[in-house]
Every structure is written in C-alpha cells, then in structure tokens.
Protein chains: 2
Amino acid sequence: MEEILPHLDSVFSIDCVLFGFDGKEVKILLIERNEEPFKDWWALPGNIVGADESLDQSAARILYELTGLRGIYMEQYYAFGDPNRHPQGRVITLAYYALIRLGGDKEPRPISTYAKRANWMPITDLPKLAFDHQKIYDKGLEKIKRRIKHQPIAFELLPEKFTLTQLQHVYELILGKKLDKRNFRKKIVSFGVLKELDEKQKGVSYRAATLYRFDKRKYAKLFGKEISF
Amino acid sequence: MEEILPHLDSVFSIDCVLFGFDGKEVKILLIERNEEPFKDWWALPGNIVGADESLDQSAARILYELTGLRGIYMEQYYAFGDPNRHPQGRVITLAYYALIRLGGDKEPRPISTYAKRANWMPITDLPKLAFDHQKIYDKGLEKIKRRIKHQPIAFELLPEKFTLTQLQHVYELILGKKLDKRNFRKKIVSFGVLKELDEKQKGVSYRAATLYRFDKRKYAKLFGKEISF
DNA sequence: ATATAGTGTGTAATTTTTACACTAAGTAAT
DNA sequence: ATTACTTAGTGTAAAAATTACACACTATAT
C-alpha cells in the first residue's frame with residue numbers, strides 16, 4: 001500500500017557492482033570520486049534513479065554511461081537504507097550486480113563529472129570504499145556465489161567461445177575454492193547446456209583445448225531445473 | 001477530485017507479504033483500502049519509509065501496527081519501481097515477507113485510516129489485488145519457496161512445540177507438493193536442529209504425536225551448511 | 001471389543017557425489 | 001627429429017544421498 005505524502009526528501013539511487021573477467025582475474029569497476037563527501041575515495045558506480053526510468057533501466061543506464069555496454073546481464077539484489085549511510089542526507093540505494101566479459105573494446109570510458117576516473121580492480125585486492133560500499137560489495141559477492149551454483153550465469157563472464165578450463169576457472173575464482181577437473185566437466189556437461197564446437201583454442205603454446213558455447217535454447221528448455229556445485 | 005501531487009523525485013515505500021499459518025492453511029494478511037486509488041480493493045499492507053527508520057525497522061513497524069507483533073522473522077526480497085506502477089506518481093517500493101504463527105491472540109488489529117479492515121486470506125484463494133501487488137506477492141512466494149528449501153525458516157510458522165507432521169504440512173503447503181513421510185522425517189531429523197521433547201500432542205482423538213522444538217543453538221553451529229528438499 | 005485415524009518406523013535399489021592419476025596432443029627449443 | 005614442456009582430456013570404484021514403498025502401533029471414541 002502506498003500513499004503520497006508531501007514531506008519526503010529522501011533520495012533513491014542505484015549502485016552497481018560490475019563484475020568483470022579478463023581471462024585471468026575477476027575484477028569490479030570502481031570510480032574515484034571527484035566530489036564530497038568521500039572525495040578521492042573509490043566507490044561503486046551509481047546514480048539517482050531518473051523520473052521515467054524503471055529500476056532495471058536505471059541500472060542499465062549507469063552501466064552504459066560508464067562502459068558503453070548494453071545488453072549485459074544485471075540483477076537487482078538488495079536495498080540498503082540505513083538512515084545514516086550517507087552523511088549528507090537520506091539516500092536509499094538499490095544494489096545491482098552485472099557480469100561482464102572484459103578484454104578488447106570493453107574498457108570503461110573516461111567519465112562524467114562526479115568521478116575522476118574508473119578502474120577495473122581485482123576483487124582480491126580492493127581499496128577502502130566510500131560510504132557503505134564495502135558492505136554492498138560483500139553482499140553482492142555473496143549473492144553471486146549462491147547464484148552461480150544454481151544458475152548458469154558464469155557464461156556471462158566468458159567470451160562466446162570458451163574452453164572448459166576457462167569456465168572452471170571462473171567458478172573457482174567466484175566460489176573461492178578449487179574444483180576437481182574431472183568432476184567439474186562431468187557435471188557441467190551433464191546439464192546439457194554446452195555445445196561443443198568443431199573448433200580449437202588458438203595461440204597457445206600447448207595442446208589447444210576444444211571450444212564450447214553456451215546453448216541458450218537448451219537452457220530455456222531446462223529452466224526450472226536447478227544445477228548445483 | 002484531483003489530488004495535488006507534491007513535487008518529488010520519488011516516494012519510497014515498503015510493502016509486506018505477511019505469511020501466516022494457523023495449523024491448516026497458509027494465509028497472507030491483506031487490507032481493504034479506504035482511499036483512492038484502488039479504494040475498496042484488497043492490497044498488501046505497506047507504508048512510506050519514515051525519515052529516521054532503517055528499512056528493516058520500517059517493515060517491522062508496518063507489521064507491528066497491523067498485528068501488534070514484534071520480533072517476527074522478516075526478510076527484504078525485491079524492489080519494484082516501474083514508473084507507472086502507481087497511478088498517482090512515482091512510488092518505488094521494497095517488498096518484505098514475514099512468517100507468522102497464527103492462532104490465539106495474533107489476529108490483526110482493527111486498523112488505521114487508510115484501510116477499512118485487514119484479513120488473513122488463504123493463499124489458495126486470493127482476491128484481485130491493487131497496484132502490482134499480485135506481482136509482488138508472486139515473487140514473494142517464489143522467494144520463500146526457494147528459501148524454505150535451504151534454510152530452516154518453516155519453524156517460524158509453527159508454534160514453539162510442534163509435531164513432525166505439522167512441520168511436513170507447512171513444507172507441503174509452501175512447496176505445493178506432497179512429500180514422503182519417512183523420507184521427510186529422516187532428512188529433517190538428520191539436520192540436527194530439532195529437539196525431541198518428552199511431551200505429546202494433546203486433544204487429539206488418535207495416537208498423540210511427539211512434540212519437537214527447533215533448537216536455535218544447534219542451528220547457529222551448523223550455519224553455512226545448507227539444507228535442501 | 002471394535003472401529004477409526006494418525007503415528008512411527010526400515011530397507012533395498014538407484015542416483016549422485018567424491019576422490020583420484022595417467023596418457024594424449026600440441027608447441028618450443030635444441 | 002628428438003626432447004622437454006605444458007595443458008587437455010578421460011574412467012572407475014567407493015561412499016553418500018535420495019528415492020520408493022507398507023504395515024504394525026497407539027490412543028481415542030463408540
């Protein structure tokens with residue numbers, strides 16, 4: 001139930017944890033603030049929700065403004081609204097995470113006014129974050145860990161064609177633990193959402209691995225079935 | 001007559017899906033609106049987030065005002081913010097669900113201004129809901145289904161002392177499917193969070209079942225381990 | 001005493017998960 | 001062309017978890 005009350009001066013924003021994977025490391029995109037409060041601190045990218053935007057649209061816009069990317073997998077995961085989380089007033093923020101394959105053209109653009117610059121930072125070595133952004137990040141990572149066990153979202157971090165070792169690598173980095181190669185392959189293949197290609201990895205100085213593709217059609221059919229690691 | 005809308009970027013509210021169980025049915029608490037828009041429609045209880053309230057506090061307040069209950073298990077689960085979800089302006093709402101044991105003194109109180117009355121309605125037979133509240137409810141049920149499979153929240157719907165059959169009943173109602181009695185008991189007991197009491201059910205005209213209690217201490221120790229149905 | 005209604009229990013078959021190590025294939029250096 | 005190097009790719013046996021399934025027990029009511 002909602003009523004329109006005249007007294008509010010609360011601000012509603014969206015903050016994004018943009019997870020990226022470059023083949024080596026999992027990173028998130030942080031911006032260096034150019035404004036008080038927390039000037040010169042690193043922070044999660046975020047913005048006020050526009051008057052005519054849906055929440056998803058707003059999140060997508062923030063991502064687009066920062067990276068030039070569209071059509072990225074994003075998911076709302078938690079609202080943070082402690083009355084004191086923002087030193088200058090009441091700001092309720094809704095957190096989204098996104099999964100992005102890095103490399104090539106997908107570097108963040110040089111940025112708007114409120115940030116000096118943006119950087120992909122490895123999640124293994126993050127700076128102190130502004131506001132309650134550490135908490136927001138932590139919860140995001142937790143959510144994504146849970147999610148990756150049950151839904152095939154790891155593909156979103158990989159190029160269209162990838163090897164099973166790369167896929168396993170993503171799982172290991174996000175879950176923060178080693179997985180057994182044979183069991184991993186057995187399981188991931190058994191879900192039947194991978195399409196083995198007639199193509200091999202290129203440019204490696206050892207035996208080239210077979211490339212696979214995520215098969216969205218097959219996945220759609222399975223939907224509802226859960227997977228688990 | 002046209003209402004004059006304050007000039008606001010957005011209004012931020014909380015809506016609650018209060019799940020209750022009376023031993024027979026799973027119900028949710030709905031209010032009958034006494035104001036436009038959607039006057040005379042049934043709706044989820046909700047309210048604007050107060051200036052000095054955290055989100056959890058706000059949800060707890062809404063629940064308290066309606067039921068007089070405190071200390072109830074509540075969980076934030078999703079924000080709804082379609083620009084047109086409220087006919088009179090932009091209202092972003094954050095949804096919470098709660099789990100409540102019904103019976104005895106826990107009936108909803110007669111209500112404040114915006115609602116004529118409040119009623120526990122069985123989820124198997126809900127009326128048309130105001131705004132996008134059907135969507136909010138659907139998502140809440142979905143979340144709770146997932147949650148009940150992985151965390152011992154079903155206890156929140158039961159009295160302190162309960163029988164295994166009652167517990168199974170709750171699972172069946174929420175998951176929407178029958179479970180095997182022997183397997184259910186085997187599994188739920190194996191988690192080790194139930195304490196068998198020296199007491200039997202009373203007032204039944206057949207063999208009385210043993211009563212159990214949920215053991216929070218044991219649960220705290222297990223935490224992190226997931227359960228699954 | 002008998003009918004009734006729900007309680008409480010075990011096992012075998014199947015499926016899933018886990019642990020574990022070597023050969024194959026390609027590249028690079030000599 | 002031989003060798004060294006590096007990662008790809010594969011199977012099996014043991015253990016654990018899940019499933020399917022039916023009947024005797026116990027308390028009450030008549």
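- Between A:Glu160 and the choices A:Lys195, A:Arg213, A:Lys216, the salt bridge (Lys or Arg N to Asp or Glu O under 4.0 Å) rule is met once, by A:Arg213.
- Computed from coordinates, the A:Leu167 CG to D:dA8 C1' distance equals 15 Å when rounded to whole Å.
- A close approach under 4.0 Å does not occur between any side-chain nitrogen or oxygen of A:Ser205 and OP1 or OP2 of D:dC5.
- Because its NZ or CZ atom is not both nearer than 6.0 Å to the ring centre of B:Tyr77 and within 45° of the ring axis, B:Lys143 does not count as a cation-pi partner of that residue.
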> Stepwise, does the ring-ring contact (aromatic ring centres under 6.0 Å, His included) test hold for B:Phe21 with B:Phe19?
Replying inline: CA-CA 7 Å; B:Phe21 180 65; B:Phe19 287 97; over 10 Å; no
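- Distances shown here put a side-chain N or O of B:Thr165 below 4.0 Å from the OP1 or OP2 atom of C:dT7.
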Using atom names, set out every protein N or O paired with an N or O of nucleotides 23-25 of chain C below 3.5 Å, distance rounded to 0.1 Å.
residue	atom	partner	partner atom	Å
C:dA24	N3	A:Arg207	NH1	2.9
C:dA25	O4'	A:Arg207	NE	3.4

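- Distance check, rounded to the nearest 0.5 Å: CD1 of A:Ile136 to CZ of A:Arg85 gives 5.0 Å.
- Between atom CD1 of residue A:Ile148 and atom CD of residue A:Glu156 there is a gap of 11.0 Å, rounded to the nearest 0.5 Å.
- Distance, A:Lys200 NZ to D:dA8 P: 11 Å, rounded to whole Å.
- A heavy-atom distance below 4.0 Å to DNA chain D is reached by these residues of residues 168-189 of chain A, ordered by number: A:Lys181, A:Arg182, A:Arg185, A:Lys186.
- When every heavy atom of A:Val170 is checked against every heavy atom of A:Leu158, the shortest pair comes out as CG2-CD2, 3.8 Å.
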>> Go through it in stages, so that I can follow the logic: the residues are B:Asn47 and B:Arg61, the test is side-chain contact (heavy atoms from CB on, under 4.5 Å), and I'd like the CA-CA distance, side-chain angles, deciding distance and then a yes or no.
In response: CA-CA 9 Å; B:Asn47 215 324; B:Arg61 172 179 56 82; 3.8 Å; yes
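- Among the atoms of the strands shown, none is found under 4.0 Å from any heavy atom of A:Thr163.
- Between the OH atom of A:Tyr212 and the P atom of D:dA8 there is a distance of 12 Å, rounded to whole Å.
- Per the geometry, CD belonging to A:Gln201 stands 9 Å off C1' belonging to D:dT7, to the nearest Å.
- Partners of A:Phe184 by side chain to side chain contact (heavy atoms under 4.5 Å, CB included), not counting sequence neighbours, listed by chain and number: A:Leu167, A:Gln168, A:Tyr171, A:Leu179, A:Ile188, A:Phe229.
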